[in-house]
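Report on the following structure.
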Amino acid sequence: MSTPILPTELPPEMHHAVEEAVRLLRAGDIVALPTETVYGLAADALNPAAVAKIFEAKERPTFDPLIVHLPDKKQLDTVADVPEAIQKVVTQLIERFWPGPLTLVLPKKACVPDIVTAGLPSVAVRVSSNPIFKRIIQGLNKPIAAPSANRFGSISPTSSSAVLAELDGRIPLIIDGGACMHGLESTIIKIEPGSPKPLITILRPGPITTEDLKLYGKVQRVTRTVIDEATEAPGQLASHYAPRTPLRLLSKPSDFTPVEGKRYVLMSYRGEEKDGYLDLTDFEEIMVLSPGNGKLPEAAVRFFYILRTLDQIGADEIIAEPMFEHGMGAAMMDKLRRASIKD
Ligand code: AMP
Ligand code: MG
């Protein structure tokens with residue numbers, strides 16, 4: 001059976017959608033919901049049987065822990081124990097960035113089921129700023145586990161139609177909230193005490209950037225090892241966010257030599273001829289991430305949509321231009337590198 005999508009544009013339909021979502025969540029079922037990052041597949045985080053349905057629908061391995069969303073930042077201590085030594089910086093970070101796309105990894109409280117944290121002693125927590133998500137979680141008044149609403153390892157959905165393409169018939173309901181505001185998954189950090197400043201480690205780059213976090217501590221990117229991947233940020237697994245079409249990330253135009261007879265599509269950063277990528281071959285399709293002349297937040301909003309659209313063309317290869325590695329460019333380059341890895 002096909003999964004229904006409920007609209008939320010007008011107040012009466014919005015109230016109906018919110019009620020339906022809360023009803024299903026309360027009954028231990030799962031629902032796809034809009035957030036400001038990407039669409040999430042939601043379940044009551046404190047109900048292990050409900051959370052198990054997320055893993056089943058996504059075909060997600062159970063060693064990959066989920067992010068827990070709270071109805072309000074005041075409820076952080078219902079799921080996490082904030083160590084005294086980092087209390088001050090945690091308060092500063094959540095005052096500044098919540099609700100918003102910043103996830104904190106903190107020691108977990110016993111009420112958080114093991115299936116949510118993949119058995120880890122820590123829990124990843126955030127508060128979403130999406131108005132529809134907010135109404136639903138406040139209606140439920142419980143924490144919600146909500147990983148991206150896609151099949152494991154595939155491209156994250158930033159629209160209700162993308163969720164449908166990923167999970168049609170596998171989930172009972174999709175709530176439509178339009179296109180996601182940021183378009184990239186939340187930044188995940190862990191925090192350790194440090195002198196003179198706390199140490200903030202970025203486990204997954206995202207909309208809250210190194211530059212944003214610098215004010216609050218010494219910021220570092222995680223140095224990845226196989227063990228880190230399993231225990232620290234499993235969403236960082238090598239081949240993630242992968243389109244079915246092989247993807248090649250270039251560092252400069254001369255890195256690419258087209259093969260006669262092969263079909264190529266191009267993911268261009270700003271679509272400028274002077275950058276030297278548009279004419280490399282007779283591309284079957286060229287899609288521009290930031291037609292606004294190279295603005296990283298604009299590129300981020302369009303990133304997964306363009307990746308998904310180019311993937312559907314069925315070319316032999318997606319060629320991707322590189323982006324600046326600062327701000328949100330760091331997260332997109334990270335995802336392009338992962339997408340370009342083939343097993
Ligand atoms: P997503 O599928 O986008 O919701 O992301 C969930 C990701 O959050 C996981 O794949 C991990 O990278 C990260 N995560 C969740 N819980 C933890 C945790 N306890 N420690 C570290 N990272 C976590
Ligand atoms: Mg995901």
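Whatever order the structure lists them in is the order used to number ligands and atoms, beginning at 1.
At least one side-chain heavy atom of Leu249 sits under 4.5 Å from a side-chain heavy atom of Arg337. Within the 4.5 Å cutoff, side-chain heavy atoms of Asp29 are placed close to those of Lys53. Contact of the Val90 side chain with the Leu76 side chain is registered, since non-hydrogen atoms from C-beta on lie closer than 4.5 Å.
Using a cut-off of 2.8 Å, one finds that Ser148 contributes an N/O/S atom close to the Mg ion (ligand 2).
Judged by distance alone, with hydrogens and angles left aside, the side-chain atoms of Asn150 form a donor-acceptor pair with the main-chain N or O of Ser154 at under 3.5 Å. Glu317 places no side-chain N or O within 3.5 Å of a backbone atom of Pro246 that could act as its donor or acceptor partner.
Interface atoms of ligand 1 facing Asp64, defined by a heavy-atom separation under 4.0 Å, are 9 (C), 10 (O). Below 4.0 Å from some heavy atom of Pro65 lie the following atoms of ligand 1, by number and element: 6 (C), 7 (C), 9 (C), 10 (O), 14 (N), 15 (C), 16 (N), 17 (C), 23 (C). Within the listing of ligand 1, atoms 18 (C), 19 (N), 20 (N) sit less than 4.0 angstrom from a heavy atom of Leu120.
The part of Arg204 lying near ligand 1 is the side chain, judged by heavy-atom distances below 4.0 Å.
For a threshold of 3.5 Å applied to N or O pairs, the pair formed by Ser122 and ligand 1 contains at least one separation below that value. Distances between N or O atoms of Glu185 and those of ligand 1 include no value under 3.5 Å.
Distances shorter than 4.0 angstrom occur between a heavy atom of Arg60 and an atom of ligand 1. At least one heavy atom of Val105 sits less than 4.0 Å from an atom of ligand 1.
Around the OH atom of Tyr305, the shell of radius 6.0 Å holds no more than 12 heavy atoms that belong to other residues, nucleotides or ligands. Annotation: Arg135, atom CZ; neighbour count of heavy atoms from other residues, nucleotides and ligands within 6.0 Å does not exceed 12.
When the heavy-atom distances from atom 13 (C) of ligand 1 to Thr35, Ile188, Leu41 are ranked, the shortest goes to Ile188.
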